[in-house]
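Predicted model only: the values in this text are computed from it and were never measured. Numbers here simply count residues along the sequence, with the first being 1. Whatever order the structure lists ligands and atoms in, that order sets their numbers, starting from 1.
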Amino acid sequence: MIITKKRDFKELMGNIKNYKSFFLLGCSECATLCGTGGDPEIKSMKEALEAEGKNVTGSFVAKTGCQVLGTKVELKPFKDAISESDCILVMSCGAGTQTTVELFEDKPVYPTNDSMFLGNMTRMQIFDERCSLCGKCILDKTGGICPITACPKGLLNGPCGGTNDGKCEIGPEIECAWVRIYNRLKRIDKLEDIKNTAEPKDWSAHKKPMSLSAREKKSS
Ligand code: SF4
Ligand code: SF4
């Protein structure tokens, strides 16, 4: 899921100071789980805006804010509330914000959140980055632990000299990725794999902007 955090409200107010009325759009997926764009956050945002003398013409929590066509259909009943607003505030990730920009080309659209990383929710409201979306996965060679993400240096061929008692030199709260990989390979009886040398990472698989069609997925 995409991990988001709320932007500073004062900063948001600075961006939208010239607008009077707003439509609020959340997302029922990642932003809801992050506590940045579900029903409770929409309610709080409405109250905060009204306390600043602003008007909220309507709100909706989209099923999946990054799904352009689905969101377009879901927003049809809100046509009037959206057209009455000066501006749409999107309480999801940057992808959801850009869905909204695409659907309402003539309307100012502002994000209320910062998009941080692709993460796993390990406990309620605790998120860890596990994958950096490199475009060419090497988990098959590393016991299923990603050194590109888990090692602050992204080292591909074993630990640096800073590993200390299983911890990373960056800080004792971080386990050394390569100690984890070693332990994992040992546990699944694949320790021999650690001797394989990884070639320098081919970052050409990580192009921007990325795009993938269903047809391409089937033929690959
Ligand atoms: S190797 Fe690449 S795709 Fe695989 S988990 Fe790591 S960053 Fe993600
Ligand atoms: S101590 Fe381990 S995790 Fe930290 S930078 Fe070195 S190899 Fe990477």
Backbone or side-chain N/O/S of Cys160 under 2.8 Å of atom 6 (Fe) of ligand 2
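Yes, within the cut-off.
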Do Lys54 and Glu50 meet the salt-bridge criterion of a basic N to acidic O distance under 4.0 Å?
no
Contact summary for Thr36 and Lys6, nearest pair of heavy atoms:
CG2-N, 3.9 Å
Specify the closest pair of heavy atoms between Phe78 and Ser59, including all atoms of both residues, with the distance to one decimal.
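What the structure gives for the nearest pair is CE2-O, 3.6 Å.
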Quick check on Lys107: does its NZ atom have over 12 non-hydrogen neighbours (other residues, nucleotides or ligands) under 6.0 Å away?
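Yes, the 6.0 Å shell around NZ holds more than 12 heavy atoms from other groups.
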Residue, atom name and distance, where the atom is the protein heavy atom closest to [atom]:
atom	answer
atom 2 (Fe) of ligand 1	Cys134 SG, 2.3 Å
atom 4 (Fe) of ligand 1	Cys137 SG, 2.4 Å
atom 8 (Fe) of ligand 1	Cys131 SG, 2.3 Å
atom 3 (S) of ligand 2	Ala177 N, 3.3 Å
atom 1 (S) of ligand 1	Ile138 N, 3.3 Å

Give a yes/no answer: is there an N/O/S atom of Cys146 under 2.8 Å from atom 6 (Fe) of ligand 1?
yes
If the cut-off is 4.0 Å to any non-hydrogen atom of [X], which atoms of ligand 2 fall inside it?
X	value
Pro159	7 (S)
Thr163	1 (S)
Cys151	3 (S), 5 (S), 7 (S), 8 (Fe)
Lys153	5 (S)

N, O or S of Cys168 under 2.8 Å from atom 8 (Fe) of ligand 2:
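Checking Cys168: none of its N, O or S atoms is under 2.8 Å.
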Considering only heavy atoms from C-beta outward, does the side chain of Trp178 approach that of Ile194 to under 4.5 Å?
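Yes, side chains in contact.
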Contacting atoms of ligand 1, where contact means under 4.0 angstrom from a heavy atom of Leu133
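Atoms satisfying the 4.0 Å criterion: 7 (S), 8 (Fe).
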Under 4.0 Å from any heavy atom of Ser132, which atoms of ligand 1 are there?
7 (S), 8 (Fe)
